[in-house]
Amino acid sequence: MEKFKIMDKHLEHHGHIVDFYSYDMKVPNGNEVQWDIIEHKGAAAIIPVDEEGKIILVRQYRGAIDDFLLEIPAGGRDSAEEDFMLCAARELEEEIGYLSDEIHHLVDYHSAAAYTSEKIAIFYTEKLIPSHQHLDENEFVQIERYTLDEVIGMIADGSITDGKTIAAIMAYKVLVVK
């Protein structure tokens with residue numbers, strides 16, 4: 001397959017979390033087109049499994065959809081150089097108040113590759129060490145615990161619609177639990 005070529009990039013908006021660019025592209029047939037791209041420094045997410053085998057999820061408000069979503073703990077990297085596993089460990093403690101010295105990489109997930117560079121590295125841990133929750137000043141989450149079968153049921157009935165959570169749970173079911 002022929003390669004697409006980025007001819008130029010124009011920063012349209014610099015945001016706190018993402019940057020919005022217009023890319024001037026040359027496509028394989030020689031045409032030049034403009035694409036809208038959101039550049040993101042990446043994120044990490046983690047499936048925390050407690051001593052009873054329950055998955056700890058967070059319910060939080062998401063402004064882009066003006067609704068609450070039930071999700072695995074996750075968050076953006078502080079910089080494009082931050083190690084994804086360190087980011088996952090930080091989010092584990094910040095959002096649900098646990099540490100872990102046994103975090104395993106599960107799968108990587110591109111959230112919407114048609115228009116954003118965001119890659120989410122997904123991890124899991126089955127060894128939780130109680131600590132303290134450290135939510136950001138304007139972050140509000142409700143912690144909920146479910147069995148794997150309950151979470152899969154909520155994916156099937158449409159109660160869980162978050163893409164990273166769906167990808168993470170299905171990968172965990174196939175690759176870890178079997």
Side-chain angles (χ1 to χ4, degrees), residues 17-18 38 40-65 67-114 116-178:
I17 298 174
V18 298
I38 298 170
H40 189 282
K41 58 187 168 241
I46 188 164
I47 301 172
V49 182
D50 71 14
E51 63 283 347
E52 296 174 5
K54 291 193 174 181
I55 295 170
I56 304 172
L57 301 175
V58 293
R59 188 175 301 276
Q60 60 185 322
Y61 179 77
R62 294 301 192 184
I65 63 167
D67 204 355
F68 288 85
L69 286 182
L70 191 57
E71 314 172 34
I72 58 176
R77 295 193 296 169
D78 287 340
S79 72
E81 293 76 37
E82 182 182 25
D83 181 79
F84 284 100
M85 188 178 292
L86 291 177
C87 178
R90 182 185 70 243
E91 293 301 321
L92 180 68
E93 185 174 26
E94 279 183 12
E95 292 193 3
I96 65 168
Y98 285 95
L99 301 170
S100 180
D101 55 9
E102 202 171 298
I103 295 174
H104 307 280
H105 182 257
L106 185 60
V107 68
D108 291 336
Y109 172 76
H110 285 96
S111 61
T116 181
S117 64
E118 181 185 43
K119 176 177 106 172
I120 303 173
I122 300 173
F123 300 86
Y124 74 95
T125 182
E126 296 172 335
K127 185 176 179 188
L128 296 174
I129 302 163
S131 181
H132 300 285
Q133 194 178 39
H134 301 285
L135 295 174
D136 294 334
E137 181 181 2
N138 296 311
E139 187 174 29
F140 305 91
V141 302
Q142 178 179 318
I143 296 171
E144 302 180 22
R145 296 170 190 253
Y146 298 96
T147 66
L148 178 59
D149 287 341
E150 288 171 328
V151 175
I152 291 171
M154 289 187 287
I155 291 169
D157 73 15
S159 300
I160 293 178
T161 60
D162 177 60
K164 73 182 172 307
T165 299
I166 294 169
I169 295 299
M170 301 317 282
Y172 180 74
K173 170 78 172 155
V174 170
L175 300 173
V176 178
V177 176
K178 299 177 186 177

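On a predicted model such as this, the values are computed, not experimentally measured, just so you know.
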Determine the minimum heavy-atom distance between [X] and [Y], stating which atoms define it.
X	Y	value
Y172	Y124	CE1-CD1, 3.7 Å
P48	P73	CD-CD, 3.7 Å
E91	A74	OE1-O, 3.2 Å
A44	A88	CB-N, 3.6 Å
L106	A168	CD2-O, 3.5 Å
Y109	A167	CD1-CB, 3.8 Å

Interatomic spacing from [atom1] in [X] to [atom2] in [Y] - rounded to 0.5 Å:
X	Y	atom1	atom2	value
I103	I47	CD1	CD1	12.5 Å
F84	H105	CZ	NE2	8.5 Å
I166	I72	CD1	CD1	11.0 Å
I143	Q60	CD1	CD	11.0 Å
R77	D83	CZ	CG	8.5 Å
L57	R59	CG	CZ	8.5 Å

Residue pairs passing the salt bridge (Lys or Arg N to Asp or Glu O under 4.0 Å) test where at least one lies in residues 161-173, sequence neighbours excluded: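 Qualifying pairs, neighbours excluded: E71-K164, D162-K164.
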Pair L70-S159, side-chain contact (heavy atoms from CB on, under 4.5 Å): steps then yes or no: CA-CA 8 Å; L70 191 57; S159 300; over 6 Å; no
T125 and its side-chain contact (heavy atoms from CB on, under 4.5 Å) partner, picked from L99, D101, I46: I46
Of I129, I56, L128, the residue whose pairing with L92 passes side-chain contact (heavy atoms from CB on, under 4.5 Å):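 Per the side-chain contact (heavy atoms from CB on, under 4.5 Å) rule, the option paired with L92 is L128, out of I129, I56, L128.
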Side-chain ion pair, R90 and E82, N-O less than 4.0 Å: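 Looking at E82 together with R90, the answer is yes, because their closest N to O distance falls below 4.0 Å.
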H40 side chain vs G42 backbone, donor-acceptor pair below 3.5 Å: yes
Side-chain heavy-atom pair I160, I169 within 4.5 angstrom cut-off: no
Short side-chain donor-acceptor distance under 3.5 Å, E144 and Y146: yes
Steps toward side-chain contact (heavy atoms from CB on, under 4.5 Å) verdict (T165, L69): CA-CA 10 Å; T165 299; L69 286 182; over 6 Å; no
Over 12 non-hydrogen atoms of neighbours within 6.0 angstrom of CD1 in I17: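 Open: at most 12 neighbouring heavy atoms sit under 6.0 Å from CD1 of I17.
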Test side-chain contact (heavy atoms from CB on, under 4.5 Å) applied to H134 and E93, step by step: CA-CA 7 Å; H134 301 285; E93 185 174 26; 3.5 Å; yes
Working for side-chain contact (heavy atoms from CB on, under 4.5 Å), residues H104 and V176: CA-CA 10 Å; H104 307 280; V176 178; over 6 Å; no
Side chain to side chain donor-acceptor pair (under 3.5 Å) against S117, all qualifying residues, sequence neighbours excluded: none
Please set out all donor-acceptor pairs under 3.5 angstrom arising from side-chain atoms of residues 148-156, sequence neighbours excluded.
unit_1	atom_1	unit_2	atom_2	d
E150	OE1	T147	N	2.8
E150	OE1	T147	OG1	3.4

